[in-house]
Amino acid sequence: MKTEQKSIMLHEMEFVFRSPDPGDGEEFLALRKAASEETEFLIRYPEEIKGTAKEYAEMLQRVKDSEEEIFIAAFDKGRMAGCVEIRKTGGQFKYRHRAGLGIALRKEYWNLGLGMELIRMALQEIRKTRFRQIELGVFAENAGAVHVYKKLGFEEWGRHPRAFQLKDGTFHDEIQMLLELS
């Protein structure tokens with residue numbers, strides 16, 4: 001689904017929010033790699049990020065052409081600072097009402113309200129679709145993210161013990177959260 005471009009000032013920085021174009025495939029790939037290098041709170045390590053800029057460009061076009069999936073990126077002077085995606089959980093009829101949310105930000109843009117604004121915009125757009133609930137999983141130790149999600153109306157509905165195992169061998173729980181749209 002295409003999201004119209006909007007400029008917003010956050011902490012004296014101007015961000016342009018919009019649906020990425022296929023020409024942003026390289027920027028999206030760079031953001032995914034950078035964000036996964038800067039935190040362990042994402043599900044992939046940098047070396048696990050597969051795909052080429054061309055493949056990401058094709059994916060961006062598919063999402064933009066979709067009538068129900070959302071992808072919004074925030075740009076700082078043409079550089080992708082962060083992005084949020086809301087995509088259907090599955091193709092089966094019984095899953096039609098469910099979508100999952102994912103977000104990634106470069107570390108230099110943390111604590112500016114950028115993540116909150118990205119999610120707010122995505123939730124506004126997704127309310128125009130048939131989805132009735134948005135789901136996400138978050139590292140239990142990621143207190144900042146949990147706070148943002150709760151502030152936006154998400155509620156904890158469960159925990160998955162030892163859901164993540166890091167390279168150092170430590171295990172971390174996942175908090176499962178849900179926002180009902182109807």
Side-chain angles (χ1 to χ4, degrees), residues 1-46 48-49 51-88 99-129 131 134-139 142-154 177 179 181:
M1 176 181 286
K2 183 175 183 201
T3 302
E4 295 304 316
Q5 183 169 310
K6 183 188 296 188
S7 294
I8 296 178
M9 295 293 291
L10 297 170
H11 292 267
E12 301 180 18
M13 299 173 71
E14 183 177 16
F15 291 95
V16 175
F17 294 80
R18 64 175 172 79
S19 294
D21 294 312
D24 296 314
E26 191 86 39
E27 272 298 312
F28 179 54
L29 179 57
L31 168 66
R32 287 190 81 189
K33 286 184 178 179
S36 65
E37 287 172 354
E38 296 169 343
T39 183
E40 292 187 328
F41 292 144
L42 297 179
I43 62 169
R44 288 177 188 84
Y45 283 108
E48 294 176 307
I49 296 173
T52 65
K54 182 179 183 225
E55 290 168 330
Y56 284 115
E58 291 167 358
M59 179 274 299
L60 291 172
Q61 186 64 54
R62 276 192 308 275
V63 173
K64 196 171 184 178
D65 291 341
S66 167
E67 293 183 16
E68 57 192 12
E69 296 183 312
I70 308 291
F71 191 121
I72 302 172
F75 293 86
D76 176 23
K77 299 179 182 89
R79 180 177 181 229
M80 196 178 289
C83 66
V84 63
E85 296 177 75
I86 300 182
R87 294 181 144 186
K88 61 185 174 185
L101 183 142
I103 186 166
L105 298 176
R106 292 177 186 269
K107 191 172 187 174
E108 66 194 271
Y109 298 103
W110 291 2
N111 302 311
L112 300 177
L114 183 62
M116 173 114 35
E117 194 59 41
L118 278 164
I119 296 170
R120 232 186 237 131
M121 286 181 167
L123 292 175
Q124 183 177 345
E125 292 295 314
I126 206 70
R127 289 180 196 284
K128 300 173 188 173
T129 69
F131 294 114
I134 309 300
E135 304 164 11
L136 61 86
V138 59
F139 275 73
N142 193 348
V146 171
H147 173 76
V148 167
Y149 298 138
K150 285 183 177 179
K151 196 168 181 178
L152 290 166
F154 284 85
M177 302 187 83
L179 174 67
L181 299 176

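The first residue of the sequence shown is numbered 1, and numbering continues consecutively from there.
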[Y] backbone acceptor or donor facing [X] side chain under 3.5 Å:
{"X": "S19", "Y": "T3", "value": "yes"}
{"X": "N142", "Y": "F139", "value": "no"}
{"X": "E27", "Y": "M80", "value": "yes"}

Discussion item. Let's go through K64 and M1 carefully: what are the C-alpha distance in whole Å and the side-chain angles of both, what is the deciding distance for side chain to side chain contact (heavy atoms under 4.5 Å, CB included) to 0.1 Å, and is it a yes or a no?
Written reply: CA-CA 5 Å; K64 196 171 184 178; M1 176 181 286; over 6 Å; no
Closest non-hydrogen atom pair between [X] and [Y], with its separation:
{"X": "I103", "Y": "L42", "value": "O-CD2, 3.7 Å"}
{"X": "L105", "Y": "G82", "value": "CD2-CA, 3.6 Å"}
{"X": "M177", "Y": "V146", "value": "CE-O, 4.4 Å"}
{"X": "V138", "Y": "A145", "value": "CG2-CB, 3.9 Å"}
{"X": "L179", "Y": "L152", "value": "CD1-O, 4.0 Å"}
{"X": "I72", "Y": "L118", "value": "O-CD2, 3.6 Å"}

Please enumerate all residues that pass side chain to side chain contact (heavy atoms under 4.5 Å, CB included) together with [X], with sequence neighbours excluded.
{"X": "R87", "value": "M59, V63, E69, E85"}
{"X": "E4", "value": "K2"}
{"X": "I49", "value": "L29, R32, K33, S36, R44, Y56"}

Here the salt bridge (charged side-chain N to carboxylate O under 4.0 Å, His left out) pairs for residues 103-118, sequence neighbours left out, are R79-E108, E117-R120
With the side chain counted from C-beta on, respond yes when [X] and [Y] share a heavy-atom pair under 4.5 Å apart, and no when they do not.
{"X": "F75", "Y": "D24", "result": "yes"}
{"X": "I134", "Y": "L181", "result": "yes"}
{"X": "F71", "Y": "V84", "result": "no"}

Test Y109 against L10 for side chain to side chain contact (heavy atoms under 4.5 Å, CB included), laying out the working first. CA-CA 10 Å; Y109 298 103; L10 297 170; over 6 Å; no
Please round to the nearest 0.5 Å and tell me the distance separating atom [atom1] of [X] and atom [atom2] of [Y].
{"X": "Q124", "Y": "I70", "atom1": "CD", "atom2": "CD1", "result": "10.0 Å"}
{"X": "I126", "Y": "K128", "atom1": "CD1", "atom2": "NZ", "result": "10.5 Å"}
{"X": "F28", "Y": "E55", "atom1": "CZ", "atom2": "CD", "result": "12.5 Å"}
{"X": "L114", "Y": "C83", "atom1": "CG", "atom2": "SG", "result": "10.0 Å"}

Q) Residues two or more places apart in sequence or in another chain: which of them pass ring-ring contact (aromatic ring centres under 6.0 Å, His included) with Y45? A)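 Result, ring-ring contact (aromatic ring centres under 6.0 Å, His included) vs Y45: none returned.
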F17 meets the ring-ring contact (aromatic ring centres under 6.0 Å, His included) criterion, sequence neighbours left out, with none
Take atom CD in E48; do more than 12 heavy atoms of anything else shown fall under 6.0 Å from it? yes
Task: Over 12 foreign heavy atoms within 6.0 Å of CG, N111 - done: no
**OP:** Carefully, step by step, assess K6 and I8 under the rule side chain to side chain contact (heavy atoms under 4.5 Å, CB included).
**Re:** CA-CA 7 Å; K6 183 188 296 188; I8 296 178; 3.8 Å; yes
task: Check the pair E135, L101 against side chain to side chain contact (heavy atoms under 4.5 Å, CB included), reporting the backbone distance first and the verdict last.
output: CA-CA 6 Å; E135 304 164 11; L101 183 142; over 6 Å; no
